Amino acid sequence: MVTLSLGEAAEKARTSKVDIWRAIQEGGLSAQRTDDGGFAIDPAELFRVFEAQRARGTCHGTGRNYCN
């Protein structure tokens, strides 16, 4: 299975690494921890979350906008 690092996910979603990290921390985006402490993010999960946020203009119903 192909996964993305935090930086790769941010690039693909056209947002910042901080925005991706916040989405993971708040439970809106699922990600697995790697052995080196990074994240392994499924591209389908990334686009499920971030494309839906772009359509709504907000993230996870919190009013925060991770979709800069």
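Everything numeric in this text was worked out from a predicted model, so none of it was measured.
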Item to complete: State, yes or no, whether a side-chain contact exists between Gln32 and Phe39 at a heavy-atom distance under 4.5 Å.
Response: no

Worksheet, complete the sentence: With Leu29 as partner, the option from Arg22, Glu45, Arg48 fulfilling side-chain contact (heavy atoms from CB on, under 4.5 Å) is Glu45

Worksheet entry | Side chains of Leu4 and Asp42 in contact at under 4.5 Å (non-hydrogen atoms) | no

Worksheet item: Mind checking what makes side-chain hydrogen bond (donor to acceptor under 3.5 Å, both in side chains) contact with Glu11, not counting sequence neighbours?
Response: none

Item to complete: Indicate yes or no: at least one non-hydrogen side-chain atom of Phe50 is less than 4.5 angstrom from one of Arg14.
Response: no

Worksheet item: What distance separates Ile41 CD1 from Thr3 OG1, expressed to the nearest 0.5 Å?
Response: 8.5 Å

Response to the item:
Between Ser16 and Ala10 the two heavy atoms that sit nearest each other are C-CB, 3.6 Å

Fill in: Exceeds 12 heavy-atom contacts within 6.0 angstrom, atom CD of Gln25
yes

Discussion item. For Val49 versus Gly28, what's the shortest heavy-atom pair and its separation?
Written reply: CG2-O, 3.1 Å

Response to the item:
Distance col, row Thr15:OG1 vs Leu46:CG, nearest 0.5 angstrom, shows 9.5 Å

Worksheet entry | Whether over 12 other heavy atoms sit under 6.0 Å from Asp36 CG | yes

Response to the item:
Rounded to the nearest 0.5 Å, the NZ atom of Lys12 sits from the OG atom of Ser5 at a distance of 10.5 Å

